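Heavy-atom basis, side chains included; hydrogens, waters and symmetry copies ignored. Values in this document were obtained by computation on a predicted structure and should not be read as measured data.
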Amino acid sequence: INAEYMGVNDEVNVDDLKDIDVMATKHCNEILFIEKMGVTAEMFNDVVDERFVTTLSDGSEFELEPNGANIPLTYENRERYVELVTKARLDESHAQMEAIRKGMTKVIPARMLSLLGWQELEENVCGRLKIDVDELMKSTGYQDCSKDDETFKYFWEALRQMTEEEKSLVLKFSTGRPRLPCKLMLQLLGHNPPDNYLPEAHTCFFRLDLPKYTSTEIMKEKLLYAARNCVAIDTDFAALEGLTDYDEDTS
């Protein structure tokens, strides 16, 4: 999202383009700092043969200036070219961003957005990237069992041993959300022998059912296997693979 357009008091530049198109960002930086590649002003047009045109996300060509297809990119106008490419790519989703902005301002007064940086806005809308295990423990409930059960001791120890990416995968598997804040409900399963079974998630209820694993190591192994391989809850993944039949409640 273009943070400046959304009302956040941050400016955007070519580095923000990487969130939309990594290759376009790399290309713009190469053009802008082409001297670092040993290309001088005299050599520029022997190496670069482009016009004031860019390709948008839908694959269509867009002229950066009137008659841009006939304006050659030169050493002298390369900064203008990069500026226009950046503007065109960051503004191409104007209609979609306007719809998001209107929706947000029904919840958050528009004047308040200008008080936030983009990181603060992202955190308030999407949650925090860093998963604090202690914070998650405080918001976790236990269904028909005691929080002092040894199985839960293994669970929290396993989470503390994981990387941030791994913790996020486990949280998404359990609740459908990859970030905090969220509530989690834990329940025990009576499967026997427990180490032969995987955990079960009921994302509609933010509930994770755990077999009574016999060690922290087994707990971590089973959680990560489930989180990495049971991805039917992810509709983007399903769409990508052409899947249409998936269970929205249980992973």
Side-chain angles (χ1 to χ4, degrees), residues 1 100 103-104 106-108 116 118-241 243 245-251:
I1 297 174
I100 294 172
M104 287 185 62
K106 290 183 181 295
V107 180
I108 307 170
L116 301 174
W118 69 264
Q119 295 97 332
E120 293 171 304
L121 178 60
E122 177 184 3
E123 184 174 301
N124 278 277
V125 173
C126 304
R128 294 182 291 281
L129 276 173
K130 183 177 175 60
I131 295 175
D132 186 323
V133 176
D134 290 329
E135 180 180 341
L136 181 59
M137 287 179 69
K138 292 176 182 177
S139 63
T140 296
Y142 301 84
Q143 186 167 321
D144 301 324
C145 55
S146 170
K147 67 177 182 179
D148 296 321
D149 191 281
E150 193 170 29
T151 303
F152 302 133
K153 175 185 175 183
Y154 295 150
F155 174 74
W156 296 117
E157 287 178 350
L159 276 186
R160 293 185 192 282
Q161 293 177 11
M162 294 180 189
T163 65
E164 289 299 325
E165 181 182 4
E166 290 171 339
K167 286 188 286 187
S168 180
L169 285 173
V170 170
L171 192 63
K172 184 176 181 181
F173 169 75
S174 306
T175 69
R177 287 179 51 86
R179 299 186 181 191
L180 294 179
C182 76
K183 291 186 177 181
L184 178 64
M185 181 67 67
L186 296 178
Q187 186 171 9
L188 294 174
L189 292 171
H191 299 327
N192 192 44
D195 291 351
N196 289 353
Y197 292 86
L198 290 171
E200 300 174 7
H202 306 270
T203 54
C204 289
F205 305 103
F206 308 104
R207 197 181 85 211
L208 179 64
D209 298 347
L210 296 169
K212 294 186 176 183
Y213 295 126
T214 56
S215 70
T216 301
E217 292 70 26
I218 295 294
M219 174 71 74
K220 181 178 178 181
E221 176 190 339
K222 298 295 186 180
L223 283 171
L224 290 178
Y225 183 89
R228 287 171 174 154
N229 292 280
C230 303
V231 293
I233 188 64
D234 190 336
T235 55
D236 290 336
F237 178 87
L240 183 64
E241 295 298 322
L243 302 176
D245 183 21
Y246 57 89
D247 184 354
E248 293 184 339
D249 177 64
T250 303
S251 300

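- In this structure, M219 and L210 have side chains that are in contact, with non-hydrogen atoms separated by less than 4.5 Å.
- Contact of the L159 side chain with the L136 side chain is registered, since non-hydrogen atoms from C-beta on lie closer than 4.5 Å.
- Counting only residues at least two apart or in different chains, ring-ring contact (aromatic ring centres under 6.0 Å, His included) contacts with residues 143-168 comprise Y142-F152.
- With hydrogens and angles ignored, the 3.5 Å screen pairs no side-chain donor or acceptor of Y197 with any backbone N or O of K212.
- Interatomic distance, OG1 of T151 versus CG of L189, reported as 10.0 Å (0.5 Å rounding).
- When side chains are defined from C-beta on, L198 does not count as touching N229, because their heavy atoms never get closer than 4.5 Å.
- Note that the NZ atom of K172 and the SG atom of C230 stand 13.0 Å from one another [nearest 0.5 Å].
- Shown here are the ring pair (Phe, Tyr, Trp, His ring centres under 6.0 Å) partners of F206, two or more places apart in sequence or in another chain: there are none.
- With sequence neighbours excluded, no residue satisfies ring pair (Phe, Tyr, Trp, His ring centres under 6.0 Å) with Y225.
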| said: Go through it in stages, so that I can follow the logic: the residues are L184 and T175, the test is side-chain contact (heavy atoms from CB on, under 4.5 Å), and I'd like the CA-CA distance, side-chain angles, deciding distance and then a yes or no. | reply: CA-CA 7 Å; L184 178 64; T175 69; 3.9 Å; yes

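- The salt bridge (charged side-chain N to carboxylate O under 4.0 Å, His left out) contacts involving residues 138-154 comprise nothing, where partners must be two or more places apart or lie in separate chains.
- The distance from the OG1 atom of T140 to the CD atom of E135 is 10.0 Å, given to the nearest 0.5 Å.
- The OG1 atom of T203 lies 11.0 Å from the CG atom of L208; values are rounded to the nearest 0.5 Å.
- Here the OG-CG distance, from S139 to D134, works out to 11.0 Å after rounding to the nearest 0.5 Å.
- Proximity of Q187 to H202: side-chain heavy atoms (C-beta onward) are nowhere separated by under 4.5 Å.
- When the shell of 6.0 Å around CD of Q161 is examined, it contains more than 12 heavy atoms from other residues, nucleotides or ligands.
- Looking at M162 and I131, their side chains never come closer than 4.5 Å, going by heavy atoms from C-beta outward.
- Taking all atoms of both residues into account, the shortest heavy-atom contact from S174 to A201 is CA-CB, 4.0 Å.
- In plain terms, the two heavy atoms of A226 and P199 that are nearest each other are CB-CG, 3.9 Å.
- C145 and L188 make their closest contact through CB-CD1, 4.0 Å (heavy atoms, listed as atom of the first residue, atom of the second, distance).
- A salt bridge is defined here as a Lys NZ or Arg NE, NH1 or NH2 lying under 4.0 Å from an Asp or Glu carboxylate O, and R207 with D209 meets this definition.
- Comment: K167 does not engage D132 in a salt bridge, judged by the lack of any side-chain N to carboxylate O separation of less than 4.0 angstrom.
- Listed by first and then second residue, the salt bridge (charged side-chain N to carboxylate O under 4.0 Å, His left out) pairs that reach into residues 176-186 are E122-R179, sequence neighbours excluded.
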| Passes side-chain contact (heavy atoms from CB on, under 4.5 Å), R228 versus E166? Steps please. | CA-CA 9 Å; R228 287 171 174 154; E166 290 171 339; 3.1 Å; yes

| message | For a side-chain contact (heavy atoms from CB on, under 4.5 Å) check, start with the C-alpha distance between L171 and L180, then their side-chain angles and the critical distance, and finish with the verdict. | response | CA-CA 9 Å; L171 192 63; L180 294 179; 4.0 Å; yes

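- Screening residues 185-196 for salt bridge (charged side-chain N to carboxylate O under 4.0 Å, His left out), with sequence neighbours left out, gives no hits.
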